[in-house]
Structures are given as C-alpha cells and as structure tokens.
Protein chains: 2
Amino acid sequence: MRIGELSRRTGVPVPTIKYYVREGLLPPGELTSPNQASYDETHERRLRLVRALLDVGGMRVAEIANVLAAIDDPARPLHKVLGAAADPLGTAHDEHEDTEAASAHAVVADLVSRRGWQVHESNPAAADLSKALAALGRLGHSAFVEVLDTYADAAEQVARADLAYVARCVAVEDMVESVVIGTVLGEAVFSALRRLAHVDASARMYGTDGSKEHETS
Amino acid sequence: MRIGELSRRTGVPVPTIKYYVREGLLPPGELTSPNQASYDETHERRLRLVRALLDVGGMRVAEIANVLAAIDDPARPLHKVLGAAADPLGTAHDEHEDTEAASAHAVVADLVSRRGWQVHESNPAAADLSKALAALGRLGHSAFVEVLDTYADAAEQVARADLAYVARCVAVEDMVESVVIGTVLGEAVFSALRRLAHVDASARMYGTDGSKEHETS
DNA sequence: GGATAGCGGATAGCGCTACTATCTACTTCA
DNA sequence: TGAAGTAGATAGTAGCGCTATCCGCTATCC
C-alpha cells in the first residue's frame, strides 16, 4: 500500500501523514525505491490510534510521540508517560506553595494512605489531584473533599474493570497498547457517561425533562 | 480595588486581566473616572474561577465565556453549554456515518434506555460517547462495551454524590456556578483518581511497587 | 505643585501547535 | 509518452492565549 491508499483508508490527508512521520507518530514506510515506500496494516492501525488519541483523547502530538515510543520500547516507564498524558495540567511544578495547595497535598496524602494505595507520591496524577483540590479550595469549595471517597470508590471500580478487561480480552503482545487505549479513551468514555448521569440525576431531582433549561431560574 | 491589586491578589498579570475583560470572561470594573475603574471581590472570585476552568479544567477561553454567560443569565440552557464544555471532541457533527459510528450509536441508545436515563439523545455527551466508542471499535476494542455498565454504575455514583453535595453545601444563588465548578473540576479530580487507582490496581495485580516500570517487558 | 507610579483603552505582535502548501526530482502505470 | 502519484524538504497558515507598547490621563506622595 502506498501513502495515497493509506490516506484514503483512514481519511487522513497525505501531507498530514507525512507530518506524523516527521514527528515520530508513525514509522516511515519501507522504501522500495529512492522515492517510493510501502505501508501495511500496522501503519494503518497506528494511524487510527494516533487520530483517536488526538481527536477523542485530546492529547497533543508531542505527548502521543512519547506514549508511542513507550509502546514500542518496553524498557520505557509507561506509567510516567501515561501520567503526563491526556491531562490539561502541565507537569510544570510551581514552587509557590500557598495555603490551599498545602492543605490539598495533605488531603491527597491522607486519601492515598487511608486507601492503602500503592502509589508513589511523585506520581503526576497525585500532583494533578492536588492542583484540582487546591483550585476548588480557592473557590470556596473545600467541602468537596467530603465526596472524595465516593469518587475514589468509583475510580477503583473503574480501574478494576479496566484491568480485568485487559487481562481477559487482550493478547500479551498488545497489552501495553491496550493499556494506553483504555486509559486515554476510557477517560473520554467515562467523562461522557458522567455528564449523561448528571443530566439524568438532575432531571430526577428537579424535573422530568432531560433536555430542559436548568431549573434554578 | 484597582486592577493592580486584583492582579497581585490572584497572580494574574494585568494585561491578561484586560484580555479577559475584552473576551467577556470578566465584567469590566466600575468606572470612577474616565480612566479609572474599581474592582471588587466578585471580580476576584470570577477571575479565580476563570483560571481554574482554564488551568485545571482545560477549557478554552471561548467556552468559558459561554459558560459564564450562562451562569449570569439564568435563561440560558446550561446543560447544553456544559455539554459542549471541557471536552476535546468538538461539537462538529460529521455526517459521514461508517459502520463503527453506527454500532456505537446503537450501543449508546441501548445503554441509555436500559438504564432508564432521562436524557435527550441530542445531548452532546451522548455524541461524545458514541465517538469514543466508535474510535475504540476501529481499534479492535469493540469488546470494551462489556465494561460500559461498570463505567455507568460508577458514573451514576459520582453524579449522585455531586448532586447531593450541591444540594447540601451550596446556597441557592450560587447553585449554577457550583454545578459548573463541580462538573468541570470534578472531572479533573476523577481523572486523577482514576489514574491513581490504575497504578494501584496494576501494582496489586502484577507487582508490588507503585513506581515500577511497566511489567510486560 | 511637581514628580512618579499607575490606570484604561487600543492595537500590534509573539510563541506555540497542528497542520497545509509548494517545490523538486523521481517512479509508476495506462 | 505522459498524467498521476511519491518521497523528502522547506515554508507558510490559522487559531489560541496571551504579551508588549503606546497614549492620554489620574492618583498619590513629598
């Protein structure tokens, strides 16, 4: 298959494919001549993965390059790469510690130890959690920590389901890739489900019409 | 308070505050002279909210302007605005229906009716869910639908907790704003918790070190 | 009252990201 | 043989979230 057919099959424009190859998102095709290369189904699949991570997962090109490098090189620490991926909160660690940030850190540490989570505290997800809780605190919503355990229950439930799915349905050689897909696309799935559940719960509590204007007017 | 103090209190540079005012994220200060204006705590709070939605929630400036307009104008349909907010999947509805998209739609419709969710099918969250499931299908993960109910259970749990929190802790006049905060920042909180739970579950299943390299090597 | 700092308002520019357009020399295939 | 396609390279684009600069004015301190 040449690049044109790859483009036709996936709907990705040819120059974009070339761009992805340049950025390391896609391995180059195998050269059959100095200016002809052939691509196969692995390229097609990888390309679809890239588009899914971009369009659905909201990841950036550089992050995707990182994650794909980890997929292709089993020696790379996937969890760190994944930790930094797909989050709007940059890894930029601000040194300025205010009150809210400090108490948010304490809340996170408490939560992790109370749950017995085997998570190193340097995990970027913990930092993201602190950041979110600190922002909530600054907005006068420190009481949000009261629902944290409910959130954590749900998160554990989801995480167990994810692992069971991967263990059950996936060949070992595809496992790393599947973890990436599950982590990134699973987040999009859950996010949508949560918004649907919000609408439903809100309809049950305040009204009966799921498409109504909001009810506080 | 003048703009300089607002800037000092929130850490947001003065030109950025002016930019936010231009973009409608922040109401202009009350003019006391042709070129002097005064800001109060409502501006400060609003500014913090804007930064939280930007930095933690990952929303875009235009989306935030939308959502804030809905907060300030109770006649606006908040759920639609919120539906479009904070998701990487644009509202751009592609007309091209392939196999995966069709079956994803069917799965979503089935899920909604099976759960008895009172959600109009035009809800953007439903479209996002379809898109994510279609992408999963295209990557050979149609079997992911098997965990959908577990996801939906968790989502309902979270949604109930959110509503209870808002009903319990928030004055009526702040309710709309709190819903926005809970929806957007709550997503960031859950996302971080999910990643932490993944690491923990993975450590329990395959190893004991939460900071280890991934175990498939 | 004069110096200095800050202000509102406006316009222009910057750095980044994800492409997109164009060009050249070459290959494939009808 | 000739139109279409290709690899690889370089340059340009659109949008986003700021950021820099300038102007004429004002508040404040001594």
Side-chain angles (χ1 to χ4, degrees), chain A residues 1-40 43 47 49-68 84-92, chain B residues 1-40 43 47 49-68 85-86 88-92:
Chain A
M1 179 191 341
R2 289 184 303 172
I3 203 173
E5 189 176 350
L6 184 59
S7 166
R8 241 169 287 116
R9 285 202 199 186
T10 57
V12 180
V14 169
T16 304
I17 297 177
K18 290 182 175 182
Y19 165 67
Y20 290 162
V21 171
R22 278 198 310 276
E23 296 298 313
L25 304 192
L26 200 63
E30 194 185 354
L31 283 176
T32 61
S33 312
N35 64 341
Q36 294 287 290
S38 82
Y39 303 82
D40 58 18
H43 291 94
L47 187 49
L49 175 57
V50 166
R51 291 312 288 234
L53 297 181
L54 266 177
D55 297 341
V56 181
M59 289 178 65
R60 303 212 221 112
V61 165
E63 291 171 343
I64 296 176
N66 248 326
V67 169
L68 294 182
D87 65 351
L89 301 70
T91 320
Chain B
M1 175 190 344
R2 287 182 306 172
I3 203 172
E5 188 176 350
L6 184 59
S7 165
R8 241 169 287 116
R9 285 202 199 185
T10 57
V12 180
V14 170
T16 304
I17 296 177
K18 290 182 176 183
Y19 165 68
Y20 290 162
V21 172
R22 278 199 308 276
E23 296 299 312
L25 303 191
L26 200 62
E30 194 186 354
L31 284 177
T32 61
S33 312
N35 66 340
Q36 294 287 292
S38 83
Y39 303 82
D40 58 19
H43 291 93
L47 186 49
L49 175 57
V50 166
R51 292 311 289 233
L53 296 181
L54 266 177
D55 297 341
V56 180
M59 290 178 65
R60 305 214 215 111
V61 165
E63 291 170 343
I64 295 176
N66 249 326
V67 169
L68 294 182
L89 302 70
T91 319

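The sequence lines fix the lettering, A, B, ..., with proteins before strands; numbering per chain opens at 1.
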Quiz item: Measuring from A:L68:CG to A:E23:CD, what's the distance to the nearest 0.5 Å?
Solution: 12.5 Å
Exercise. Go through the steps for B:Y19 and B:V61 under the test side chain to side chain contact (heavy atoms under 4.5 Å, CB included), then give the verdict.
Key: CA-CA 10 Å; B:Y19 165 68; B:V61 165; 4.1 Å; yes
Quiz item: How close or far is atom P of D:dA9 from atom OH of A:Y19, stated in whole angstroms?
Solution: 16 Å
Quiz item: Do you know the tightest heavy-atom contact between B:A65 and B:L25?
Solution: N-CD2, 3.4 Å
Quiz item: If you measure from NZ on B:K18 to CD1 on B:I3, what distance do you get to the nearest 0.5 Å?
Solution: 6.0 Å
Exercise. Taking Watson-Crick and G-U wobble pairs with both distances under 3.5 Å, convert DNA chain D into its dot-bracket string, 5' to 3', dots for unpaired and | for cross-strand pairs.
Key: ||||||||||||||||||||||||||||||
Quiz item: What are the 5'-most and 3'-most nucleotides of DNA chain C lying under 4.0 Å from any heavy atom of chain A?
Solution: C:dA18 to C:dT28
Exercise. For A:Y20 and for A:N35, find the nucleotide of DNA chain C with the closest heavy atom, then tell me which residue's nucleotide is more 5'.
Key: A:Y20
Quiz item: Expressed in angstrom and rounded to an integer, what is the separation of B:Q36 atom CD from D:dC23 atom C1'?
Solution: 15 Å
Self-check item: Residue of the set B:T10, B:V56, B:T16 for which side-chain contact (heavy atoms from CB on, under 4.5 Å) holds with B:R51
Solution: B:T16
Practice problem: Map B:R8 and B:R22 onto DNA chain C by nearest heavy atom, then report which one ends up closer to the 5' terminus. | Solution: B:R8
Quiz prompt | Gap separating the CD1 atom of A:I64 from the CG atom of A:L26, nearest 0.5 angstrom | solution = 11.5 Å
Quiz item: Taking atom P of D:dG5 as reference, at what distance in whole Å does atom CD1 of A:I3 sit?
Solution: 13 Å
Self-check item: DNA chain D: 5'-proximal contact among B:V61 and B:S33 (nearest heavy atom)
Solution: B:V61
Practice problem: Check the pair B:M59, B:V67 against side chain to side chain contact (heavy atoms under 4.5 Å, CB included), reporting the backbone distance first and the verdict last. | Solution: CA-CA 10 Å; B:M59 290 178 65; B:V67 169; 3.8 Å; yes
Quiz item: To the nearest angstrom, how far is A:L26 atom CG from D:dA7 atom P?
Solution: 12 Å
Quiz item: How many Å lie between OH on A:Y39 and C1' on D:dG8, as a whole number?
Solution: 10 Å
Quiz item: Looking at OG of A:S38 and NE2 of A:H43, how far apart are the two atoms once the value is rounded to the nearest 0.5 Å?
Solution: 8.0 Å
Quiz item: Separation of B:I17 atom CD1 from D:dC18 atom C1', in whole Å?
Solution: 13 Å
Quiz prompt | Protein-nucleotide distance (A:K18, atom NZ; D:dA9, atom C1'), rounded to Å | solution = 9 Å
Quiz item: Do other residues, nucleotides or ligands put more than 12 heavy atoms under 6.0 Å from A:E5 CD?
Solution: yes
Quiz item: Could you state the CE-P distance from B:M1 to D:dA27, rounded to the nearest angstrom?
Solution: 18 Å
Quiz item: Base, sugar-phosphate alone, or nothing: which one does A:P34 contact when heavy atoms must sit under 4.0 Å apart?
Solution: sugar-phosphate
